[in-house]
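What follows is a short report on a single structure.
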Amino acid sequence: MDDSLREQVEREAEKHALFNAIKHESDAAVGAVMGPLMGENPAFREHGDEVPGVVGGVCGRVNQMSHDEKRERLGELAPELLEELDSEDEGEAHTLPDLHNAEEYDQVRMRCAPNPNGPWHVGHARMPAVIGTYKERYDGWFCVRFDDTDPETKRPDMDAYDGILEDIEYLGFEPDEVMKASDRMDTYYEHARELIEMGGAYTCSCPQGEFSDLKNSGQSCPHREKDAETTMAEFEEMVAGEYTSGEMVLRVKTDIEHKNPALRDWVAFRMIDTPHPREEAADYRCWPMLDFQSGIDDHLVGITHIIRGIDLQDSAKRQRFVYDYFGWEYPEVVHWGHVQVDAYDVKMSTSTLKELVDAGELDGWDDPRAPTIKSLRRRGIRGEAIVESMIELGTSTSNVDLAMSSVYSKNRDLIDDGADRQFLVRDGTELGIIGGAPEVGEPPVHPDHEDRGVREIPVGAAVLLEPKDLPEREERVWLKGLGCFRFTRDALQYTGDDISAVREEGVDVVHWVPADDNEPVELWTMDGVVSGHAEPGFRDQPVDAMVQFERVGFARVDSHDEDGSVAYFAHE
């Protein structure tokens with residue numbers, strides 16, 4: 001990062017730090033600043049490793065100011081932000097906007113409606129994060145409804161049902177009810193029959209291309225004026241499985257001349273020959289389209305507010321035709337843009353990820369290189385950090401960018417205090433120890449908690465250093481927790497433990513491990529597996545514990561066996 005960019009980062013970070021500190025009447029937090037900073041300034045993302053350090057310095061300076069000084073400074077830098085603060089209503093401040101007409105309902109009821117065709121990628125976390133947060137704010141209700149009525153093109157993955165519920169629990173939420181659409185087929189059939197009796201639907205055997213030509217030209221297909229009895233008989237034949245895929249559909253009768261062709265007489269049910277993978281649903285061949293199924297369910301469970309992608313605006317318009325037939329009131333709708341996640345080379349797509357996993361290019365769905373919630377969890381990222389970052393994106397109709405550096409910053413705040421420090425040397429170079437050095441190094445377990453004591457690391461006859469830490473001939477280096485050494489005679493000669501060598505003379509402080517008594521470690525990272533050696537005490541760290549490999553980064557302990565240990569890298 002050059003000086004010009006650093007100044008720009010500092011200027012933008014100062015605005016958000018001042019805003020955060022004034023709004024919450026507390027110290028500015030790095031995690032709270034990182035989200036809006038990186039979201040508004042995508043050019044900063046390629047420097048994501050350096051930005052948190054700059055932001056930390058800015059927050060430190062802001063936190064030294066009085067409240068009046070903060071307001072005065074924000075007024076100079078961004079008067080519009082100060083005006084926004086002053087115009088906010090008294091009471092609890094929320095990152096998410098209020099739900100429209102929430103006060104008009106006895107209870108705010110929302111749903112998360114995943115398609116269980118595979119494990120969730122990072123972007124999927126946004127929906128339960130926002131819905132769960134709204135539920136808590138309004139003391140509301142939310143269900144998870146698996147929209148699994150497409151056994152062919154979006155074929156359900158049997159492991160995904162439980163996997164998605166586990167992901168939601170990991171994010172910190174518990175649904176009030178869990179439903180599977182494929183359990184509710186009789187309900188959809190009954191509503192289709194009612195619609196047919198009203199004259200609101202008809203069976204159609206036009207080839208798809210032929211109907212598209214008619215629809216696009218605003219012409220009715222020859223089946224549109226069938227009487228209800230004929231339509232009902234043919235629909236019952238569909239339900240009985242007497243047609244094959246593509247042979248017959250049930251269409252909702254709308255406006256064949258509607259200005260939007262996508263809304264003209266849309267398909268409500270179609271035939272699918274491929275059996276559903278769930279045994280309970282394997283015999284069905286007549287399946288509802290998502291717009292019909294979802295619309296019926298939303299009404300029957302009393303959904304008051306729907307959140308969906310901006311690309312699904314036509315879904316609401318299609319469903320309103322059905323609601324009008326039945327005389328139902330349509331829920332409030334929030335449309336938002338897509339969330340795009342940086343830091344990954346792999347496309348955020350369930351089908352793409354499945355191909356990579358099946359081909360062995362990814363070592364499972366929790367491979368650190370995979371942009372999945374399972375991967376983040378295995379790396380030791382707390383669900384709370386993901387939720388906070390998603391909430392800060394708001395519900396804008398514009399596409400938004402999630403900077404993973406924001407997630408990492410929030411996670412760092414959550415785990416740093418409890419993470420023991422450890423040494424890990426990658427690609428170590430062995431150097432002998434001479435000159436009467438201490439037999440045991442004693443670096444602190446945690447630099448901020450003296451009461452947690454020190455780690456006792458036996459030195460032995462030699463140590464391993466990372467190649468970048470090797471001193472030049474006759475130069476000194478400080479081995480952390482051990483003392484000062486001079487590189488001479490192809491070895492490190494102990495010169496004492498006077499810390500002034502570091503404080504006054506600028507001697508580099510480096511980490512190390514004993515060359516003989518150490519723990520082999522495989523560190524799984526987003527760039528692949530890194531081999532190294534940790535201090536011997538690492539083998540005593542419990543599985544799932546978070547540690548900080550000093551000067552390397554935070555990692556989750558994954559496993560120990562007789563050949564060594566495995567850890568998953570979280571972030572710096």
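Given the structure is predicted, the values throughout are model-derived calculations rather than measurements.
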Using 0.5 Å steps for rounding, measure from the OH atom of Y408 to the CZ atom of R379. 3.5 Å
May I ask you to test the K180-Y161 pair for a side-chain heavy-atom distance under 4.5 Å? yes
Does a donor on one side chain and an acceptor on the other come within less than 3.5 Å for D291 and S315? yes
F142 side chain reached by E177 side chain, heavy atoms, under 4.5 Å: no
Give a yes-or-no answer on whether the side chains of T203 and K226 include a donor-acceptor pair shorter than 3.5 Å. yes
Is W141 close to I303 at the side-chain level, that is, under 4.5 Å between some pair of heavy atoms? yes
Where L214 and P222 come nearest, the two heavy atoms and their spacing: CD1-CD, 4.3 Å
Of the non-hydrogen atoms in I164 and N115, which two are nearest, and what is the gap between them? CD1-O, 4.4 Å
Applying ring-ring contact (aromatic ring centres under 6.0 Å, His included) to F569 and F554, what does each step give before you reach the verdict? CA-CA 6 Å; F569 183 76; F554 291 92; 9.0 Å; no
For atom CG of D311, is the number of surrounding heavy atoms from other residues, nucleotides or ligands below 6.0 Å larger than 12? yes
Do D324 and Y330 meet the criterion of a side-chain donor-acceptor pair at a distance under 3.5 Å? no
Can you name the one residue among E237, R270, E234 that meets side-chain hydrogen bond (donor to acceptor under 3.5 Å, both in side chains) with Y243? E237
Quick one: do the Y323 and E329 side chains pair a donor with an acceptor below 3.5 Å? no
Decide whether a cation-pi geometry holds between K135 and F173; the criteria are a distance under 6.0 Å from NZ or CZ to the six-membered ring centre and an angle within 45° of the ring axis. no
Could you grab the distance from atom CZ of R193 to atom CD of E197, nearest 0.5 Å is fine? 9.5 Å
Closest non-hydrogen atoms of P277 and P151, given as atom of the first, atom of the second and distance, are CD-CB, 4.5 Å
Would you say that more than 12 heavy atoms from the other residues, nucleotides or ligands in this model lie under 6.0 Å from the CD of E169, or not? no
Consider only side-chain N and O atoms of D147 and Q293, and report whether a donor and an acceptor are under 3.5 Å apart. yes
Roughly how far, to the nearest 0.5 Å, is the NZ atom of K374 from the CG atom of D367? 14.0 Å
Assess, by modelled atom type and distance only, whether the side chains of R278 and S182 contain a donor and an acceptor separated by less than 3.5 Å. yes
Closest heavy-atom contact between I196 and A201? CG1-CB, 4.1 Å
Do any N or O atoms from the side chain of T395 and from the backbone of W336 form a donor-acceptor pair under 3.5 angstrom? no
Does the Lys NZ or Arg CZ of R369 fall within the cation-pi geometry relative to W524 - under 6.0 Å from the ring centre and within 45° of the axis? no
Would you say the side chain of I256 lies within less than 4.5 Å of the side chain of Q219, judging by non-hydrogen atoms? no
Quick one, M271 and T244 - any side-chain contact, counting heavy atoms below 4.5 Å? no
Taking atom CD of E257 as the centre, report whether more than 12 heavy atoms of other residues, nucleotides or ligands fall under 6.0 Å from it. no
If we count only N and O atoms by modelled type, under 3.5 Å, do the side chains of N260 and D314 hold a donor and an acceptor together? yes
Atom CG of L171 and atom OG1 of T133: how far apart are they, to the nearest 0.5 Å? 10.0 Å
Apply ring-ring contact (aromatic ring centres under 6.0 Å, His included) to residues F326 and H191 and explain how you reach the verdict. CA-CA 9 Å; F326 286 108; H191 282 80; 5.6 Å; yes
So with a 6.0 Å cut-off around CD of E279, is the heavy-atom count from everything else above 12? no
Nearest heavy-atom contact between S375 and P368 is OG-CA, 3.4 Å
Is the number of heavy atoms from other residues, nucleotides or ligands under 6.0 Å of E280 CD greater than 12? yes
CG/N216: more than 12 non-hydrogen atoms of other groups inside 6.0 Å: yes
If only side-chain N and O atoms count, and only distance matters, is there a donor-acceptor pair under 3.5 Å linking D297 with Y188? yes
Ignoring hydrogens and angles, state whether a donor on the side chain of R285 or S245 is under 3.5 Å from an acceptor on the partner side chain. no
Once you round to the nearest 0.5 Å, how far does CG of D176 lie from CZ of R111? 15.5 Å
Any luck finding a side-chain donor-acceptor pair between S565 and H560 under 3.5 Å? yes
Does the side chain of Y568 come under 3.5 Å of the side chain of R377 through a donor N or O and an acceptor N or O? no
Between Y202 and D265, is a side-chain hydrogen bond (donor to acceptor under 3.5 Å, both in side chains) present by the stated rule, with each step listed? CA-CA 9 Å; Y202 63 95; D265 287 14; 2.6 Å; yes
Just do the side-chain hydrogen bond (donor to acceptor under 3.5 Å, both in side chains) check on Y105 and E332 with the steps written out, would you? CA-CA 11 Å; Y105 299 93; E332 311 284 347; 3.0 Å; yes
Pick out which of D358, T350, V357 makes a side chain to side chain contact (heavy atoms under 4.5 Å, CB included) with K354. D358
Tell me, please, whether F211 has R251 positioned over its six-membered ring: NZ or CZ under 6.0 Å from the ring centre and within 45 degrees of its axis? yes
Rounded at 0.5 Å granularity, tell me how far SG in C286 sits from OH in Y189. 4.5 Å
